[in-house]
Amino acid sequence: MNIKPSLLIIEDEPSILRGLTDLFVFHGFDVKSEMDGRKGLSRALAQKYSCIILDVMLPSMNGFEICNAIRQHSQVQPVLMLTAKNAEEDIINGLTLGADDYLAKPFSTSELVLRVTALIRRSGLSGNDHTLAIGKHVRICTQKLTGCSYEQEMRYTRREVSILIYLNQQKSPVSRDELLREVWGYKSTEHIDTRTVDIHIAKIRKKIESDPKIPEHLVTLRGEGYQLFSCQS
């Protein structure tokens with residue numbers, strides 16, 4: 001018997017919530033929903049979902065507070081945030097608090113389904129726990145999403161670890177489009193906003209570099225892409 005992927009949608013606009021519920025039910029999801037922030041958080045913490053779709057603006061408790069509370073409870077729960085169009089601050093805030101991905105309103109429903117399914121597909125970093133060594137001072141447990149960076153404990157999102165694992169496997173620079181295809185899971189990147197890659201790279205540098213403004217491990221090669229210089233222990 002096939003088990004349906006479970007989805008929690010926390011969204012306070014009735015028309016959007018109905019549309020999203022119908023959309024994902026049609027695509028074979030078991031959908032739960034809440035329109036209130038606190039009730040949404042309570043449901044989010046009560047069980048693990050294949051993915052949580054979380055709006056920023058909500059009654060009683062905003063999406064940033066909910067995302068932060070979810071991350072305090074679980075580092076591995078996939079979370080996609082819905083933000084206002086071109087709200088760069090909201091995007092950065094959501095990703096900093098641990099959201100795995102974001103989508104700005106108004107959005108294409110087909111793109112949303114693609115992002116959710118890609119996130120779920122990437123949600124299990126298969127295999128036993130592995131330690132990724134970056135230079136002499138950074139160690140990351142790829143399953144637990146935790147590590148030590150310059151003698152400081154550090155937490156990572158699944159997306160950040162997926163990016164580092166992929167870059168570590170490559171011997172040459174990786175472009176934004178390649179990261180979107182291979183890590184985010186997009187078949188086509190023609191209409192995908194590449195700022196999400198830049199934001200994730202900036203976040204990662206803050207966690208693995210002694211000076212994020214002068215990166216030594218995760219470097220940008222002009223016209224070619226990103227390259228990770230690391231060593232395995």
Side-chain angles (χ1 to χ4, degrees), residues 5-6 44-52 54 64 66-81 92-102 115-171 173-174 178-185 196-212 214-220 225-233:
S6 57
L45 299 183
Q47 71 175 80
K48 185 181 185 300
Y49 294 88
S50 301
C51 186
I52 295 175
L54 175 61
F64 300 130
I66 295 172
C67 184
N68 186 49
I70 290 172
R71 280 295 168 254
Q72 296 300 316
H73 180 74
S74 170
Q75 285 294 306
V76 299
Q77 170 63 66
V79 176
L80 182 146
M81 294 197 75
I92 294 172
N93 198 8
L95 293 176
T96 299
L97 289 171
D100 296 288
D101 205 353
Y102 74 91
R115 290 199 182 203
V116 168
T117 53
L119 181 54
I120 293 173
R121 187 169 62 248
R122 292 281 177 176
S123 64
L125 293 175
S126 60
N128 296 326
D129 196 16
H130 172 67
T131 298
L132 175 62
I134 302 174
K136 296 180 180 179
H137 303 287
V138 181
R139 298 291 184 274
I140 303 170
C141 296
T142 59
Q143 289 295 111
K144 296 177 181 178
L145 307 183
T146 59
C148 182
S149 179
Y150 295 91
E151 299 184 353
Q152 293 187 353
E153 292 185 5
M154 203 67 63
R155 291 183 176 182
Y156 298 84
T157 67
R158 182 182 298 103
R159 184 76 73 192
E160 290 166 353
V161 171
S162 294
I163 292 169
L164 288 170
I165 289 174
Y166 184 76
L167 289 174
N168 189 61
Q169 293 170 343
Q170 312 309 309
K171 303 302 182 184
V174 176
E178 183 176 345
L179 282 173
L180 287 170
R181 289 193 304 271
E182 300 299 329
V183 176
W184 271 260
T196 188
V197 175
D198 299 332
I199 292 170
H200 275 85
I201 294 295
K203 286 177 56 196
I204 292 171
R205 282 176 174 155
K206 288 181 179 179
K207 296 180 180 181
I208 70 170
E209 301 285 357
S210 59
D211 184 353
I214 310 175
E216 298 178 350
H217 305 304
L218 181 47
V219 301
T220 302
Y226 301 108
Q227 189 160 8
L228 181 67
F229 295 95
S230 64
C231 61
Q232 295 291 340
S233 62

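Across Ala69 and Leu45, no two heavy atoms sit closer than the pair O-CD2, 4.2 Å. In terms of heavy atoms, Leu97 sits closest to Arg71 at O-CG, 3.3 Å. Taking each heavy atom of Arg115 and Asp101 in turn, the nearest pair found is NH1-OD1, 3.2 Å. Smallest separation of non-hydrogen atoms from Glu160 and Arg155: OE1-O, 4.4 Å. What you find for Ile120 and Ser50 is that their closest heavy atoms are CG1-O, 3.5 Å. Taking every heavy atom of both residues into account, Tyr49 and Pro78 meet most closely at O-CD, 4.0 Å.
With values rounded to the nearest 0.5 angstrom, Leu119 atom CG is found 4.5 Å from Cys51 atom SG. Interatomic distance, Met154 CE to Leu145 CG, rounded to the nearest 0.5 Å: 14.0 Å.
Taking 4.5 Å as the limit, every side-chain heavy atom of Ile52 sits out of range of all side-chain heavy atoms of Ile66. Taking the side chain as every heavy atom from C-beta outward, Lys48 and Gln77 approach each other to under 4.5 Å. Residues Ile199 and Thr96 fail the side-chain proximity criterion, which asks for heavy atoms closer than 4.5 Å. Contact annotation: the side chain of Tyr226 never approaches that of Ile163 to less than 4.5 Å [non-hydrogen atoms, C-beta and beyond]. Side-chain contact between Tyr156 and Ile208: present, with at least one pair of heavy atoms (C-beta onward) separated by less than 4.5 Å. Under the 4.5 Å side-chain criterion, counting only non-hydrogen atoms from C-beta, Ser210 is not in contact with His137.
The closest donor-acceptor contact from the side chain of Arg159 to the backbone of Asp100 lies under 3.5 Å. Distance alone, capped at 3.5 Å, is enough to place a donor-acceptor pair between the Glu209 side chain and the His217 backbone.
Atom CD of Gln152 is surrounded by 12 or fewer heavy atoms from other residues, nucleotides or ligands within 6.0 Å.
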